[in-house]
Number of protein chains: 4
Amino acid sequence: MQPKSGSGELTFTEVGRRRQIVAAAIETIAEVGYTGASFAQIAKRAGLSSPGLISYHFADKDELIGQVVAEIYGTGGAQIRLRSDQASSSTDAVLSFVAGSIAFYDSHRAHMRALIQILNGHPQARERWVDQANSAELDGIEQVLAQGQRDGEFRGDLVPRVAAVVIRDLLSGALQRLLTTPGLDVAAYTGELVTFCRRAISGSADA
Amino acid sequence: MQPKSGSGELTFTEVGRRRQIVAAAIETIAEVGYTGASFAQIAKRAGLSSPGLISYHFADKDELIGQVVAEIYGTGGAQIRLRSDQASSSTDAVLSFVAGSIAFYDSHRAHMRALIQILNGHPQARERWVDQANSAELDGIEQVLAQGQRDGEFRGDLVPRVAAVVIRDLLSGALQRLLTTPGLDVAAYTGELVTFCRRAISGSADA
Amino acid sequence: MQPKSGSGELTFTEVGRRRQIVAAAIETIAEVGYTGASFAQIAKRAGLSSPGLISYHFADKDELIGQVVAEIYGTGGAQIRLRSDQASSSTDAVLSFVAGSIAFYDSHRAHMRALIQILNGHPQARERWVDQANSAELDGIEQVLAQGQRDGEFRGDLVPRVAAVVIRDLLSGALQRLLTTPGLDVAAYTGELVTFCRRAISGSADA
Amino acid sequence: MQPKSGSGELTFTEVGRRRQIVAAAIETIAEVGYTGASFAQIAKRAGLSSPGLISYHFADKDELIGQVVAEIYGTGGAQIRLRSDQASSSTDAVLSFVAGSIAFYDSHRAHMRALIQILNGHPQARERWVDQANSAELDGIEQVLAQGQRDGEFRGDLVPRVAAVVIRDLLSGALQRLLTTPGLDVAAYTGELVTFCRRAISGSADA
DNA sequence: AATGAATGAGTGTTCATTCAT
DNA sequence: TATGAATGAACACTCATTCAT
């Protein structure tokens with residue numbers, strides 16, 4: 001009998017187990033990909049006695065993967081959220097968001113690798129778990145860009161939504177490159193990307 | 001006995017069947033992802049009596065997927081190749097490549113969706129079938145950028161390789177967005193992306 | 001429609017084709033074993049257009065294999081039949097049968113290898129196709145031994161049937177060894193075996 | 001998750017199931033040959049619900065067959081080992097080995113039938129599982145023969161290796177005959193084979 | 001008489017999931 | 001709570017055989 005059915009209460013042990021399994025799933029998916037991450041593999045890596053234990057704690061594989069995605073987003077969200085109120089300017093807010101994102105990717109490679117694998121391997125991952133968060137993030141960037149534009153920091157012909165999209169795409173590309181280029185000089189790469197973004201959005205050519 | 005062993009000659013019927021199966025595979029992969037695209041699923045969509053028929057016409061799944069990739073690349077290759085010689089300027093070459101790529105993505109959504117799914121789902125897809133083409137493309141962009149820079153069209157501090165990578169990332173992002181955003185105004189989106197790129201690489205702020 | 005159904009008549013072409021297929025089957029089985037000798041493999045080696053052609057000429061796989069066995073036995077039968085009437089003595093008959101058998105094995109390695117593979121791989125090969133021939137052969141040896149015993153050539157306590165069986169077993173072992181020992185000195189090995197047999201059946205210890 | 005991975009410990013139930021499956025495999029192979037012994041067939045005879053259960057308990061077919069061979073050899077090994085130290089003479093050692101082997105074959109027909117089928121049907125059975133044991137056995141026979149020859153029990157012109165090979169061939173032949181001759185009088189056959197061997201190796205004609 | 005395309009049952013193996021204990 | 005045994009559908013792929021042409 002699934003423990004989480006009926007009431008929404010989870011026991012202390014239950015919560016711990018779920019955390020353990022989610023962590024093992026992240027590690028496993030990062031290592032062997034979503035396709036290779038069978039319950040058997042995850043259980044082996046987590047030191048669990050049987051794949052059945054996972055089915056016992058999660059309704060089905062989709063629930064587990066959903067929790068994995070939530071865990072990854074939760075970890076990142078707190079850190080790299082774009083904070084325009086703490087920044088001295090909109091430009092500063094955008095650029096530190098860019099640099100901060102890459103820094104986060106760099107320090108959480110396993111998480112990011114797992115996330116990518118899930119997005120790649122699970123047919124409905126995007127629509128189910130990440131599209132909403134992504135468009136919220138996009139909205140946030142867009143708002144900062146619009147604000148900066150109103151403040152005269154950014155070029156007048158900049159279309160905030162497009163620029164926001166472009167920045168997100170550059171970050172996606174950066175993540176991809178980070179994970180697949182062995183000896184990448186992250187600092188230098190970050191610097192180049194920040195420069196690129198500054199130039200692309202700034203009001204003056206020499207920004 | 002596999003029909004295509006030995007000599008490279010293929011019957012008329014054989015060619016037709018292979019085309020049919022490749023087309024069904026593209027459709028299937030676009031719909032249910034690489035992971036979900038079992039021979040059984042492909043056969044069902046192709047109206048074949050049994051999955052065995054696919055094995056009869058293709059040595060193994062890799063051969064089929066290779067043909068799918070070749071078909072997709074073959075379709076697109078002629079259209080979106082970056083042609084600097086036919087362009088009036090390096091700027092024009094780059095921008096029309098960007099616009100042309102998005103136009104191609106837009107008109108071949110199922111193909112591109114399938115390609116992405118394969119790149120995501122097949123462990124060696126990149127190294128086997130696309131890495132070479134991709135880096136050739138990247139080289140092409142880089143060369144045009146470098147030429148434009150020598151000609152004074154582009155800003156002097158532009159690093160051709162970085163800019164080329166950025167442009168490719170933007171296109172990848174554009175493709176992603178195209179496929180996942182239901183009501184996207186492609187023309188507007190393309191226009192804004194082109195503007196963005198022009199500004200990002202041009203030598204003057206008002207380019 | 002199977003050509004050989006109804007009347008037992010075979011056309012000239014038909015006979016030729018069957019011979020060709022049987023020969024290809026022998027070659028294939030000798031090379032890749034009975035298990036590996038699918039119709040597809042046999043057709044490929046024979047240069048036949050399709051495995052279907054084999055089914056067209058033979059009712060089923062068993063009929064083909066039966067013909068293969070018959071062909072192999074037919075080839076050998078004429079040559080190594082034990083001829084007591086042409087021998088100067090029973091001892092001579094037996095020993096030249098032993099030596100002759102090994103000589104035949106040596107000169108027909110592919111045939112013998114195929115035969116062994118069939119006996120190994122086909123569940124009912126022995127009972128269907130070879131048991132009868134084998135016991136006939138055994139009878140022949142036994143009769144010569146009994147005759148030689150009556151003539152006083154062989155030891156009185158020799159039990160003809162047992163000795164015949166022993167001789168056949170030695171030949172089976174010799175064939176096995178011949179096919180699996182790369183650099184075997186066949187002449188020496190034959191000599192030893194003949195000596196062994198002479199001693200085992202002769203009436204005097206120094207025979 | 002395969003139960004036997006990681007530590008070598010096996011549950012009580014697990015051991016029982018493996019035994020059951022191995023026993024069913026022996027029975028199946030003896031009945032329908034190695035080729036016909038699919039997991040489906042074995043499962044049917046074992047009363048298992050699905051062939052997948054065999055894969056659950058054994059890593060792959062080779063592991064199962066290896067266990068089958070080990071089981072067969074394990075059963076026989078203790079009984080038919082040639083014990084020269086417990087024999088009153090080398091002659092006695094050899095002859096009781098011969099008689100004992102046949103007795104074992106007779107009392108373990110299914111096992112021996114299965115072993116033969118495996119040796120015949122599995123491409124690498126010999127080199128993987130039995131060659132070592134076989135040549136050790138051959139060495140043992142040869143040594144006893146050489147010792148007996150040094151002691152003057154056997155004829156001086158006997159070549160130990162050749163005689164050992166001959167004896168093994170006779171036993172192989174005996175096994176074959178035992179399994180394929182319905183009404184064979186085993187006792188008589190054994191007696192005659194022993195007599196034959198005694199005469200063939202003894203130093204005196206009346207041995 | 002022959003071809004090549006097609007068929008469908010069969011192979012070993014993996015998988016998420018169930019369930020008695 | 002957790003375990004390990006079991007289940008049965010699914011996987012890619014091979015096979016002997018069929019059949020329209």
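Numbers restart at 1 for each chain; the letters A, B, ... are given by sequence-line order, proteins then strands. All values below were derived from every heavy atom in this structure, side-chain atoms included, with hydrogens, water molecules and symmetry-related copies excluded. A quick note: this is a predicted structure, and the numbers were derived from the prediction, not measured.
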Subject >> For D:Q117 against C:N120, the heavy-atom pair lying closest together >> reply: OE1-O, 4.0 Å

**OP:** Would you mind checking if D:E14 and D:R19 are paired as a salt bridge, meaning a charged N to carboxylate O distance below 4.0 Å?
**Re:** no

**OP:** Could you tell me the separation between the CG atom of D:L64 and the C1' atom of E:dT11, rounded to a whole number of Å?
**Re:** 15 Å

Subject >> Length of the line joining D:Y56:OH and F:dA10:C1', which is rounded to integer Å >> reply: 19 Å

Original post:
Can you tell me how far the OG1 atom of A:T28 sits from the CD1 atom of A:I42, to the nearest 0.5 Å?
Top reply: 5.0 Å

Original post:
Under 3.5 Å, side chain of C:R113 to main-chain N/O of C:E31, donor-acceptor pair present?
Top reply: no

**OP:** Take atom CD1 of D:I42 and atom P of E:dT11, then tell me their distance rounded to the nearest Å.
**Re:** 10 Å

Original post:
Could you give the CZ-to-C1' distance, from D:R18 to F:dA6, as a whole number of Å?
Top reply: 16 Å

**OP:** Check every atom of F:dA16, E:dA16, E:dG4 against the side chain of C:F39 and return the nucleotide holding the closest atom.
**Re:** F:dA16

Original post:
The side chain of C:K61 lies closest to which of these nucleotides: E:dA2, F:dA16, F:dT7?
Top reply: F:dA16

Original post:
Roughly how many Å is it from CG in A:L48 to P in E:dA16, rounded to a whole number?
Top reply: 14 Å

Original post:
So, is C:H57 close to the E:dA1 phosphate, meaning a side-chain N or O under 4.0 Å from OP1 or OP2?
Top reply: no

